[in-house]
Amino acid sequence: MRWRARFLRAASFSLVIAVLSIVWLVLLPAYARQPKMRQHLQWLDEKGIDPSAMYYTELEIMDEILAKQRRAELRLVPHES
Amino acid sequence: MTKTNHPADPNQLDPEKDEENAATVSLPTERPSLWRDMTTSEDWWAIWCAGILLALAFAAVWFGQPENLSESIAAQSPVEVVSPLKEWIAKPGKWDSNPVDSIASKWQGIVGSFVIIGLLFTVANQFRGKSGIAFLAGFPIVFALATLAYILAGQSVVKAYNLEYALWALLVGLIISNTVGTPSFLRSAALTEFFIKTGLVLLGAEVLMSRLLALGLPGVFVAWLVTPVVLITTYIFGQKVLKIQSKSLNMVISADMSVCGVSAAIATAAACKAKKEELSLSIGLSLGFTVIMMAVMPMVITALGIDPILGGAWLGGTIDSTGAVAAAGAVLGDEALEVAATVKMIQNILIGVTAFCVAIYWVTFVERDSSGPKIGLSEIWYRFPKFVLGFVSMSILFSILYSTLVGGPELVGAMIGGSTKTLRGWFFCLAFVSIGLETNFRELLPQLKGGKPLVLYVCGQSLNICLTLVVAYLMFKVVFADVVTP
C-alpha cells in the first residue's frame, strides 16, 4: 500500500511537470511567434511596459514619466549655484 | 472579558487561527520585555534585516555617486546614478522561446541574491534562537523553486497577460506539496511571514510620499478620496450584507481590489494577520479580474468616446495591477498612459497608510471582545504588528532623503532600481513559494464557499468603477479642467 501511494505521488508529480513543460516549452513559445502576438509583444517592449509589474518601481515607462516630472520640477525650482 | 491563552509572539501570523480565536481578547499573564521582543520576534528581525539591506544599498549608491552630481543637477544636465550592486543582485528576466535566455545574462545577480538572502536569514535565524543550519539546509531548494517561478513568469506571453510571479510561485509550491509532499527539511526554510515582512519593510523605501502629489489636486481626489471610500464600503458590505465569516479575508479582498492588487493584498494580509489561503484567494481573484479589465476597459472607453485624460484616470483608479494599468492606458495613447500610470502610482503609495490603518483597526477593534472594555495604549502597542512600523519608518526616512538631499531622487532611485526592488521581489517570491509548500488544495476550497468572495469582489469593483468615473470626471473635466496637463 505504501509503495502504491509513493508511486501515485511520483506519477502525479511527473504528469504535472510534463503538462507544465508542454505549456511553457511548446505552446506559449508557439503563441508568442504568432504574428499578432509578436506585434503586441514588440509594442509593449517599445513602450517600456511590463504588464506583470506589481509596483510602479518595476515599470520602465514610469522612469520616463517621473524623469519628465522631475525636469519640470527642476525648471520650476532653479538651483542656487 | 473573555480570556484565552496568548501565543508566545502575538505578531506571528498563526495559520491555524480561526474566527472564534480572532474575535476574543487575551490578557497575557507574562509579557516579554521590549528588549527580548526586539531580539527574538520575527517582526523586529524583519525590520533589522531590511534595515541592514537598505543601509548597505544606500551606502553603495552614496559612495559610488558621480563626483559632479550636484553641479549636473544645478545645470539641469542629464545625470545617471547607477548602484554598484546592480550586477550582483538580479532575478531571471524575460524570454520568448528558450527559458535559458532568462538566466543566461543574469546568473551572477541571481547567485548574488541567493548568497545575500541566504546569509542574512541564516544569521537572523541563529540570533532569534532558531536553527540557522536547518534554514540553510532547505533554503537552496526553496530559492531554486522561486527561481523556477520567476522563469515561468518571465515567458513573454505570460507577462503580457499580467500573470505575476506570485501566482507561479504559489503554483510551484502547491505542486510539490500536493504531489510528492513537502519534505520536512524544506519547512525550516519556508518562512512565509518572515519573508513577507522583510519584503514589506524593503517596500517601505519605495513608498515615496512626495510622489503622492504627482498629479496635483485632481490626482489626490481620485486616489485619496475614492480608494478609502471603496475600501471601507466594500468591507462593511462584506460584513453586514454578505456576512463573510472571515474578517481578514474580507479586508484583504477589499484592499487588493480598491488599492493596487497583489502588493496591497500582501501588505494588508500581513497587517491583519490573514491566513495564507486567504491571501492566495485574494490574489487569484485580483489577477483574474485584472486580465479581463485590462482588455475590456480600453474598449469601453473608446466606445464611449471618453477623452484620454479622463480615460487614463479611470483606468488608473480601477484596474488593480500596476503593469496592467500601464498596458491598458497605452492602448488609449501616451496622455492616457501617463495619467493612468501616475494615478496608479499614487494608489501604490497609499499602501503604507492602508497597512498602518488596518493594523491599528485590527488590534483596536477586531481582536478585542466587543462586550469588553476599550483596550489601552499599552495593549495596542503590544499587539501592533511591529514590522508595519518598520514599513512606515522606511517610507518616511527615504521620502525625507528623496526630498532633502541634493540629487535625492537620483540617489534613491538608483538604490531602488539597482538593488532593493529586486531583493524585495525575491522575498515576496520566496514567501509565495513557501505558502504553496505549506498549503493543501483542500484548504483553499472552504474559502470559496457560497461564492461570497467572488460576489464581494464584483460588487466592490462595480462601486469602484462607478465612483472613480464620477470623481475623475468632476476633478479632471469640471473643477480642475483648466490646470490639468499631463
Side-chain angles (χ1 to χ4, degrees), chain A residues 5-6 8-17 19-21 23-34 37-38 40-75 77-81, chain B residues 70-71 73-76 78 94 96-99 151-153 155-166 171 175-176 178-181 203 206 211 214 260-263 294 321-324 326-328 330 337-338 341-342 344-345 348-349 351 406 409-410 413 416-417 421 424-425 428:
Chain A
R6 269 191 193 171
L8 281 175
R9 283 203 296 266
S12 54
F13 179 71
S14 307
L15 183 70
V16 174
I17 297 301
V19 170
L20 284 183
S21 303
V23 172
W24 260 265
L25 299 177
V26 180
L27 298 180
L28 288 171
Y31 187 39
R33 282 193 294 271
Q34 296 293 309
M37 194 63 204
R38 201 167 50 194
H40 180 64
L41 295 174
Q42 207 174 342
W43 175 76
L44 287 171
D45 278 346
E46 283 165 8
K47 290 272 178 192
I49 294 170
D50 172 6
S52 68
M54 187 190 279
Y55 204 68
Y56 77 94
T57 47
E58 295 167 22
L59 208 52
E60 206 182 308
I61 185 72
M62 210 60 225
D63 292 339
E64 273 178 47
I65 295 171
L66 291 169
K68 188 180 159 188
Q69 288 171 0
R70 171 80 169 143
R71 283 196 296 274
E73 191 183 301
L74 287 173
R75 276 197 298 273
V77 187
H79 285 256
E80 287 174 25
S81 54
Chain B
S70 51
E71 289 84 4
I73 288 169
Q76 294 179 23
K94 192 178 160 190
D96 285 323
S97 54
N98 184 0
I151 293 172
L152 294 178
Q155 208 284 332
S156 54
V157 175
V158 173
K159 279 176 100 67
Y161 281 100
N162 170 55
L163 300 169
E164 299 173 17
Y165 63 82
L171 180 79
I175 289 172
I176 303 283
N178 288 271
T179 55
V180 288
L203 181 68
E206 297 172 54
R211 287 179 175 166
C260 55
V262 175
S263 45
M294 181 174 72
S321 161
T322 306
L337 166 61
E338 191 170 327
T342 311
K344 185 47 73 181
M345 178 185 75
N348 280 176
I349 293 164
I351 289 180
V406 175
E410 287 77 13
I416 293 169
K421 79 169 177 190
R424 183 256 300 161
F428 286 164

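Worth knowing before you read on, the calculation uses all heavy atoms, side chains too, and leaves out hydrogens, waters and symmetry mates. Letters A, B, ... mirror the listed sequences (proteins, then strands); counts begin at 1.
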Pick from [options]: which one has the most heavy-atom pairs with chain A under 4.5 Å?
{"options": "Ile176(B), Asn98(B), Leu203(B), Ile151(B)", "answer": "Leu203(B)"}
{"options": "Ala326(B), Ala166(B), Ala153(B), Gly425(B)", "answer": "Ala326(B)"}
{"options": "Val262(B), Val158(B), Asn162(B), Ile349(B)", "answer": "Asn162(B)"}
{"options": "Ser97(B), Ser263(B), Ala324(B), Ala328(B)", "answer": "Ser263(B)"}

Most chain B-contacting option - heavy-atom pairs closer than 4.5 Å, from Ala67(A), Ser14(A), Pro51(A):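 Heavy-atom pairs under 4.5 Å are most numerous for Pro51(A).
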Heavy-atom pairs under 4.5 Å with chain B, option from Leu20(A), Val16(A), Leu28(A) with the top count: Leu28(A)
[atom1]-[atom2] distance between [X] and [Y], expressed to the nearest 0.5 angstrom:
{"X": "Thr179(B)", "Y": "Leu8(A)", "atom1": "OG1", "atom2": "CG", "result": "11.5 Å"}
{"X": "Asp96(B)", "Y": "Leu41(A)", "atom1": "CG", "atom2": "CG", "result": "6.5 Å"}
{"X": "Phe428(B)", "Y": "Tyr55(A)", "atom1": "CZ", "atom2": "OH", "result": "9.5 Å"}
{"X": "Arg9(A)", "Y": "Asn178(B)", "atom1": "CZ", "atom2": "CG", "result": "11.5 Å"}
{"X": "Thr322(B)", "Y": "Ile49(A)", "atom1": "OG1", "atom2": "CD1", "result": "12.5 Å"}
{"X": "Ser156(B)", "Y": "Arg38(A)", "atom1": "OG", "atom2": "CZ", "result": "11.5 Å"}

Can you sort out the partners of Asp63(A) under salt bridge (charged side-chain N to carboxylate O under 4.0 Å, His left out), two or more places apart, ordered by chain and number?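 For Asp63(A), no residue satisfies salt bridge (charged side-chain N to carboxylate O under 4.0 Å, His left out) once neighbours in sequence are set aside.
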Taking only residues two or more places apart in sequence, or in another chain, which ones meet Lys421(B) in a salt bridge (charged side-chain N to carboxylate O under 4.0 Å, His left out)? none
Heavy-atom closest pair, residues [X] and [Y]:
{"X": "Trp43(A)", "Y": "Ala327(B)", "result": "CH2-O, 3.9 Å"}
{"X": "Asn348(B)", "Y": "Tyr56(A)", "result": "OD1-N, 2.8 Å"}
{"X": "Leu337(B)", "Y": "Ile65(A)", "result": "O-CD1, 4.4 Å"}

Could you look at [X] and say if it's the side chain, the backbone, both or neither that has a heavy atom under 4.5 Å from chain A?
{"X": "Leu171(B)", "result": "side chain"}
{"X": "Glu206(B)", "result": "both"}
{"X": "Leu152(B)", "result": "both"}

Flag, side chain of Trp24(A) to backbone of Gln155(B), donor-acceptor distance under 3.5 Å: no
Keeping Ser52(A) on the side-chain end and Leu163(B) on the backbone end, is there a donor-acceptor pair under 3.5 Å? no
Region of [X] in contact with chain B, defined by heavy-atom distances below 4.5 Å:
{"X": "Arg33(A)", "value": "side chain"}
{"X": "Glu58(A)", "value": "both"}
{"X": "Met62(A)", "value": "side chain"}

Validation row: Leu59(A), Lys344(B) side chains within 4.5 angstrom (heavy atoms):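 A side-chain contact under 4.5 Å is absent here.
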Lys94(B)/Asp45(A) ion pair, N-O < 4.0 Å: yes
For Glu60(A), does the CD atom sit with more than 12 other heavy atoms under 6.0 Å from it, leaving out its own atoms? no
